[in-house]
Amino acid sequence: MHTIAINGLTGLKYLPQCFDKTAQEDLLADVREVVAAAPLFQPVMPNTGKPFSVRMSNCGPLGWVSDINSYRYQPNHPETGLMWPAIPARLLELWKAVAPDAPEPEACLINFYEPTARMGLHQDRDEAMFEAPVVSVSLGDTATFRVGGTNRKDPTKSFRLSSGDVVVLGGDARLAYHGIDRILSGTSKLLKNGGRINLTLRRVTAP
DNA sequence: GAGTGCCT
DNA sequence: TCGC
């Protein structure tokens, strides 16, 4: 586990190849099961209705959604109305390993990136408590990840996240701006049709 | 009031 | 929460 040195942050952790090939395949099977029950949907931006380039789903008691009205967490899928499936056990184990002092995660956002998908620089700040970290797992094609500081104008650095890598935004880095500049298509064979899956675990409410 | 989009 |  490395601390990523940027803007003096000490809580930005990078765990390269936290999941080996077999574990990545197991995780992928978990994700497929979740998405079978809670299909990927195309979120849109509040107010403008502009679509995101990623498609999303969730598992856990709460899921992050965005529609014409707002960004928010809710217990059910926006299209099927069903509750989100449970967070797979191996993701809960990851959380216990990297965030032993934090309460259980309530949300696992699944972002699916086509090769052309992007995610602009943003903060994860729709949660009601920031004491718990945000834990992110990459699967599939390598992505160029950009991370800055707590202020939008802070300098940023970019580095690559490949399949099986884990990033933790905790402590002073919990509200660090971050985003995905681009997907490096064809860099992984994990997903038959290419693309990248990002799993983001979060605690949403105070325990 | 828009917003993790914006432009290559 | 804030470049718009």
Side-chain angles (χ1 to χ4, degrees), chain A residues 4 6-7 9 11-12 14 31 35 38 40-60 62-74 77-79 84 105-161 165-187 195-206:
Chain A
I4 295 168
I6 177 157
N7 294 316
L9 298 177
L12 181 55
Y14 175 50
V31 171
V35 169
L40 293 167
F41 61 95
Q42 178 103 59
V44 299
M45 297 296 295
N47 306 301
T48 63
K50 283 182 192 285
F52 285 59
S53 58
V54 296
R55 287 183 297 153
M56 296 180 173
S57 186
N58 289 274
C59 49
L62 291 171
W64 188 87
V65 301
S66 177
D67 63 17
I68 194 71
N69 301 121
S70 64
Y71 300 153
R72 63 187 179 277
Y73 283 94
Q74 65 181 42
H77 189 286
E79 291 171 359
W84 304 106
E106 294 173 294
C108 177
L109 176 61
I110 299 167
N111 281 153
F112 178 70
Y113 292 76
E114 304 279 355
T116 55
R118 307 283 181 268
M119 185 67 81
L121 206 63
H122 68 280
Q123 288 174 303
D124 288 7
R125 53 174 162 76
D126 297 316
E127 301 74 31
M129 61 100 81
F130 300 132
E131 289 82 2
V134 171
V135 178
S136 149
V137 184
S138 295
L139 292 174
D141 282 338
T142 298
T144 306
F145 179 68
R146 183 168 296 277
V147 60
T150 303
N151 299 300
R152 191 172 188 118
K153 288 182 294 188
D154 290 341
T156 62
K157 277 185 178 173
S158 86
F159 63 99
R160 289 176 178 194
L161 293 181
D165 290 355
V166 168
V167 171
V168 181
L169 299 174
D172 60 0
R174 174 62 181 76
L175 292 171
Y177 276 87
H178 59 281
I180 293 293
D181 288 349
R182 64 165 303 200
I183 302 301
L184 303 174
S185 194
T187 47
R196 172 178 185 262
I197 293 169
N198 186 63
L199 308 173
T200 315
L201 293 157
R202 303 185 182 94
R203 178 74 194 191
V204 179
T205 66

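Just so it is clear: chains get the letters A, B, ... in the order the sequence lines come, proteins before strands, and each one is counted from 1.
- If you take CG of A:D154 and P of C:dG3, they are 11 Å apart, rounded to a whole angstrom.
- Of the residues listed (A:I110, A:L40, A:N111), the one engaging A:R55 in a side chain to side chain contact (heavy atoms under 4.5 Å, CB included) is A:L40, and it is the only one.
- Distance check on atom P: B:dG1 versus B:dG5 gives 23 Å, rounded to whole Å.
- For A:H122 and A:Y177, the distance between ring centers is not under 6.0 angstrom.
- Side-chain N/O atoms of A:S66 include none lying less than 4.0 angstrom from OP1 or OP2 on B:dG3.
- Counting non-hydrogen atoms under 4.0 angstrom, A:N151 reaches nothing in the nucleic acid.
- B:dA2 atom P lies 15 Å from atom CG of A:D67, rounded to whole Å.
- Under the 6.0 Å distance and 45° angle rule, A:R174 does not count as a cation-pi partner of A:F130.
- Straight-line distance from the CG atom of A:L175 to the P atom of B:dG3: 20 Å, rounded to whole Å.
- Atom NZ of A:K50 is separated from atom C1' of B:dC7 by 12 Å (rounded to the nearest Å).
- Rounded to a whole angstrom, the distance from the P atom of B:dC7 to that of B:dG3 is 11 Å.
- Phosphate proximity of B:dT4 to A:R152: present, with a side-chain N or O under 4.0 Å from OP1 or OP2.
- One can place OH of A:Y71 at 15 Å from P of C:dT1, the figure rounded to the nearest angstrom.
- If you measure from atom CD of A:Q123 to atom C1' of C:dT1, you get 7 Å, rounded to the nearest angstrom.
- With hydrogens and angles left out, the side chain of A:N47 and the base of B:dG1 share no donor-acceptor pair within 3.5 Å.
- The residue A:M119 sits close to a base: some heavy atom pair falls under 4.0 Å.
- Using C1' as the reference atom, B:dA2 and B:dC6 are 12 Å apart when rounded to the nearest Å.
- B:dG1 is paired with C:dC2 under the criterion used here, namely a Watson-Crick or G-U wobble arrangement in which both key atom distances are under 3.5 Å.
- Rounded to an integer number of Å, the gap from CG of A:L121 to P of B:dC7 is 17 Å.
- Judged by distance alone, the side chain of A:D165 and the main-chain N or O of A:L161 form no donor-acceptor pair under 3.5 Å.
- Counting only N and O atoms by type, the side chains of A:T205 and A:E106 include a donor and acceptor under 3.5 Å apart.
- Atom NE2 in A:H122 sits roughly 15 Å away from atom P in B:dG3 (whole-Å rounding).
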